[in-house]
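No hydrogens, no waters, no symmetry mates; every other heavy atom, side chains included, goes into these values.
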Amino acid sequence: MTHAGRDLNTLTEGERLLMEEAIMQADLSFLREGVPIGAILARGNELLARGHDQRVQQGDSIAHGEMDYLRNEGRLKTYRDLTLFTTLSPCMMCAGTIVQFKIPRVIVGENLTFGGNEKFLSDRGVGVIVLDDPRCIALMEKFKQQYPAVWNEDIAE
(Lines give C-alpha, C1' and ligand atoms only; values in the text may rest on other atoms or scores of the structure.)
Protein backbone atom coordinates (compact mmCIF):
# COMPACT_ATOMS: atom_id res chain seq x y z
CA MET A 1 0.00 0.00 0.00
CA THR A 2 1.30 3.46 -0.90
CA HIS A 3 0.88 6.41 1.40
CA ALA A 4 1.71 9.62 -0.45
CA GLY A 5 2.17 13.12 0.79
CA ARG A 6 3.28 12.31 4.33
CA ASP A 7 5.93 14.39 5.97
CA LEU A 8 8.85 13.71 8.27
CA ASN A 9 6.68 14.50 11.30
CA THR A 10 4.67 11.32 10.69
CA LEU A 11 7.78 9.17 11.11
CA THR A 12 9.22 7.99 14.39
CA GLU A 13 12.30 9.80 15.68
CA GLY A 14 14.48 6.87 14.60
CA GLU A 15 12.97 6.87 11.11
CA ARG A 16 13.53 10.63 10.80
CA LEU A 17 17.20 10.17 11.68
CA LEU A 18 17.57 7.41 9.11
CA MET A 19 15.95 9.60 6.44
CA GLU A 20 18.32 12.41 7.42
CA GLU A 21 21.22 10.03 6.81
CA ALA A 22 19.81 9.17 3.36
CA ILE A 23 19.64 12.89 2.56
CA MET A 24 23.26 13.32 3.70
CA GLN A 25 24.21 10.51 1.31
CA ALA A 26 22.39 12.31 -1.52
CA ASP A 27 24.24 15.53 -0.66
CA LEU A 28 27.54 13.63 -0.74
CA SER A 29 26.80 12.35 -4.23
CA PHE A 30 25.82 15.84 -5.41
CA LEU A 31 29.05 17.32 -4.01
CA ARG A 32 30.91 14.79 -6.16
CA GLU A 33 28.86 15.84 -9.23
CA GLY A 34 26.85 12.62 -9.12
CA VAL A 35 23.12 12.02 -9.15
CA PRO A 36 21.90 13.08 -5.67
CA ILE A 37 20.21 9.92 -4.49
CA GLY A 38 20.94 8.50 -1.06
CA ALA A 39 19.78 5.21 0.40
CA ILE A 40 19.81 3.60 3.82
CA LEU A 41 18.97 0.03 4.77
CA ALA A 42 17.79 -0.40 8.36
CA ARG A 43 16.44 -3.00 10.73
CA GLY A 44 14.19 -1.02 13.05
CA ASN A 45 16.31 1.99 14.03
CA GLU A 46 19.59 0.18 13.35
CA LEU A 47 21.40 1.44 10.27
CA LEU A 48 22.79 -1.60 8.43
CA ALA A 49 24.14 0.04 5.29
CA ARG A 50 24.29 3.37 3.55
CA GLY A 51 24.95 4.29 -0.04
CA HIS A 52 24.52 6.91 -2.70
CA ASP A 53 24.33 7.02 -6.45
CA GLN A 54 27.79 6.51 -7.92
CA ARG A 55 27.10 6.13 -11.62
CA VAL A 56 29.19 9.20 -12.45
CA GLN A 57 31.87 8.67 -9.84
CA GLN A 58 32.52 5.02 -10.73
CA GLY A 59 31.53 5.05 -14.39
CA ASP A 60 29.10 2.23 -13.56
CA SER A 61 25.66 2.39 -15.15
CA ILE A 62 24.00 0.29 -12.43
CA ALA A 63 25.61 2.01 -9.41
CA HIS A 64 22.33 3.60 -8.31
CA GLY A 65 21.96 4.61 -4.66
CA GLU A 66 19.88 1.55 -3.88
CA MET A 67 22.49 -0.72 -5.48
CA ASP A 68 25.32 1.00 -3.61
CA TYR A 69 23.85 0.27 -0.18
CA LEU A 70 23.46 -3.40 -1.17
CA ARG A 71 27.13 -3.56 -2.11
CA ASN A 72 28.06 -1.83 1.13
CA GLU A 73 26.03 -4.16 3.38
CA GLY A 74 27.22 -7.37 1.84
CA ARG A 75 25.19 -10.53 2.29
CA LEU A 76 22.32 -10.91 4.74
CA LYS A 77 20.41 -14.09 5.48
CA THR A 78 17.10 -12.23 5.22
CA TYR A 79 15.81 -8.84 4.20
CA ARG A 80 12.23 -9.52 5.30
CA ASP A 81 12.34 -7.30 8.38
CA LEU A 82 14.15 -4.32 6.84
CA THR A 83 13.23 -0.84 5.67
CA LEU A 84 14.84 0.97 2.76
CA PHE A 85 15.02 4.75 3.01
CA THR A 86 15.68 6.40 -0.35
CA THR A 87 15.61 10.05 -1.31
CA LEU A 88 14.05 9.43 -4.74
CA SER A 89 11.45 6.97 -5.92
CA PRO A 90 13.18 3.79 -7.09
CA CYS A 91 13.62 3.18 -10.80
CA MET A 92 12.46 -0.14 -12.22
CA MET A 93 15.88 -1.76 -11.76
CA CYS A 94 16.01 -0.78 -8.09
CA ALA A 95 12.32 -1.60 -7.54
CA GLY A 96 12.95 -5.06 -8.99
CA THR A 97 15.84 -5.50 -6.58
CA ILE A 98 13.61 -4.52 -3.65
CA VAL A 99 11.09 -7.16 -4.73
CA GLN A 100 13.81 -9.75 -5.42
CA PHE A 101 15.21 -9.42 -1.90
CA LYS A 102 11.73 -9.16 -0.36
CA ILE A 103 12.39 -5.87 1.41
CA PRO A 104 8.94 -5.23 2.90
CA ARG A 105 8.99 -1.46 3.40
CA VAL A 106 10.32 1.56 1.50
CA ILE A 107 10.25 5.17 2.67
CA VAL A 108 10.75 7.52 -0.28
CA GLY A 109 11.89 11.13 0.12
CA GLU A 110 10.05 12.26 -2.99
CA ASN A 111 8.60 11.14 -6.30
CA LEU A 112 7.76 14.49 -7.92
CA THR A 113 11.01 14.95 -9.88
CA PHE A 114 10.99 11.34 -11.04
CA GLY A 115 7.85 9.25 -11.02
CA GLY A 116 9.03 5.88 -9.90
CA ASN A 117 7.50 2.53 -9.33
CA GLU A 118 5.42 2.79 -6.19
CA LYS A 119 2.51 0.90 -7.76
CA PHE A 120 4.81 -1.88 -8.97
CA LEU A 121 6.15 -2.22 -5.42
CA SER A 122 2.81 -2.03 -3.64
CA ASP A 123 1.26 -4.52 -6.08
CA ARG A 124 3.94 -6.95 -4.88
CA GLY A 125 3.27 -6.42 -1.19
CA VAL A 126 5.88 -3.75 -0.43
CA GLY A 127 4.68 -0.99 1.88
CA VAL A 128 5.62 2.37 0.37
CA ILE A 129 5.54 5.75 2.09
CA VAL A 130 6.25 8.86 0.01
CA LEU A 131 7.22 11.91 2.07
CA ASP A 132 7.28 14.72 -0.54
CA ASP A 133 10.30 16.08 1.37
CA PRO A 134 11.06 19.58 0.02
CA ARG A 135 14.80 19.12 0.59
CA CYS A 136 14.88 16.03 -1.62
CA ILE A 137 12.84 17.80 -4.30
CA ALA A 138 15.06 20.91 -4.22
CA LEU A 139 18.27 18.90 -4.41
CA MET A 140 17.10 16.89 -7.41
CA GLU A 141 15.77 19.99 -9.20
CA LYS A 142 19.12 21.71 -8.63
CA PHE A 143 20.93 18.69 -10.02
CA LYS A 144 18.69 18.47 -13.09
CA GLN A 145 19.36 22.17 -13.82
CA GLN A 146 23.12 21.96 -13.31
CA TYR A 147 23.72 18.57 -14.95
CA PRO A 148 20.93 17.97 -17.49
CA ALA A 149 23.03 15.65 -19.68
CA VAL A 150 23.86 13.40 -16.71
CA TRP A 151 20.22 13.36 -15.63
CA ASN A 152 19.06 12.44 -19.15
CA GLU A 153 21.67 9.67 -19.27
CA ASP A 154 20.53 8.38 -15.88
CA ILE A 155 16.90 8.07 -16.98
CA ALA A 156 17.90 6.73 -20.43
CA GLU A 157 16.72 9.70 -22.47
Applying side-chain contact (heavy atoms from CB on, under 4.5 Å) between Pro90 and each of Val128, Asn117, Leu121, report the one that passes. Leu121
Mind listing the side-chain donor-acceptor pairs of residues 77-88 below 3.5 Å, one per line with the distance, residues two or more places apart or on another chain?
| unit_1 | atom_1 | unit_2 | atom_2 | d |
| --- | --- | --- | --- | --- |
| Thr78 | OG1 | Arg80 | N | 3.1 |
| Tyr79 | OH | Glu73 | OE2 | 3.2 |
| Asp81 | OD1 | Arg43 | NE | 3.3 |
| Asp81 | OD1 | Arg43 | NH2 | 3.3 |
| Asp81 | OD2 | Arg43 | NE | 2.8 |
| Thr83 | OG1 | Arg105 | NH1 | 3.4 |
| Thr86 | OG1 | Glu66 | OE2 | 3.0 |
| Thr86 | OG1 | Leu88 | O | 3.2 |
| Thr87 | OG1 | Gly38 | N | 3.0 |

Would you call Arg55-Asp53 a salt bridge at under 4.0 Å N-O? no
Correct closest heavy-atom pair for Phe143 and Glu33 would be CE1-O, 4.3 Å
Minimum-distance pair of heavy atoms, taken over all atoms of Gly51 and Gln25: O-CB, 3.4 Å
Set of residues satisfying side chain to side chain donor-acceptor pair (under 3.5 Å) with respect to Glu13, sequence neighbours excluded: Arg16
Looking only at atom types and distance, does a side-chain atom of Glu21 sit under 3.5 Å from a main-chain N or O of Met24, one as donor and one as acceptor? no
Indicate yes or no for a side-chain donor-acceptor contact from Arg71 to the backbone of Met67 under 3.5 Å, with no hydrogens or angles considered. no
Quick one: closest heavy-atom pair of Arg50 and Ile40, and the distance? CB-CD1, 3.4 Å
Is there a donor-acceptor pair closer than 3.5 Å between any side-chain N or O of Glu15 and the backbone N or O of Thr12? yes
Please check this pair: side chain of Asp68 against backbone of His64, looking for a donor-acceptor N/O pair closer than 3.5 Å. no
Partners meeting ring pair (Phe, Tyr, Trp, His ring centres under 6.0 Å) with Phe30 (sequence neighbours left out): none
Please report the shortest heavy-atom distance between Gly109 and Cys136, naming the atom on each side. CA-SG, 3.9 Å
Less than 4.5 Å apart, any side-chain heavy atom of Glu20 and any of Arg135? yes
Please tell me whether Phe101 and Ile98 are part of a single hydrophobic cluster in this structure, the criterion being side-chain heavy atoms less than 4.5 Å apart. yes
Between the main-chain N or O of Leu112 and the side-chain N or O of Glu110, is there a donor-acceptor pair closer than 3.5 Å? yes
What heavy-atom pair brings Ile103 and Val126 nearest, and what distance separates the two atoms? O-CG2, 3.6 Å
Please confirm whether the backbone N or O of Met93 pairs with a side-chain atom of Thr97, one donor and one acceptor, at under 3.5 Å? yes
N/O donor-acceptor pair under 3.5 Å between Lys144 side chain and Leu139 backbone: no
Should Val99 and Val108 be regarded as members of a common hydrophobic cluster, given that ILVMFWY residues are connected when their side-chain heavy atoms come within less than 4.5 Å of each other, either directly or indirectly? yes
Between Leu31 and Trp151, is there a shared hydrophobic cluster once you connect ILVMFWY residues whose side-chain heavy atoms come closer than 4.5 Å? no
How far apart are the closest heavy atoms of Gly65 and Ala39, and which atoms are they? O-CB, 3.6 Å
Is there a donor-acceptor contact under 3.5 Å from the side chain of Ser29 to the main chain of Ala26? no
Is the closest side-chain heavy-atom distance between Ile137 and Thr113 below 4.5 Å? yes
Leu76 side chain reached by Leu48 side chain, heavy atoms, under 4.5 Å: yes
What do you reckon, is CD of Gln100 surrounded by more than 12 foreign heavy atoms closer than 6.0 Å? no
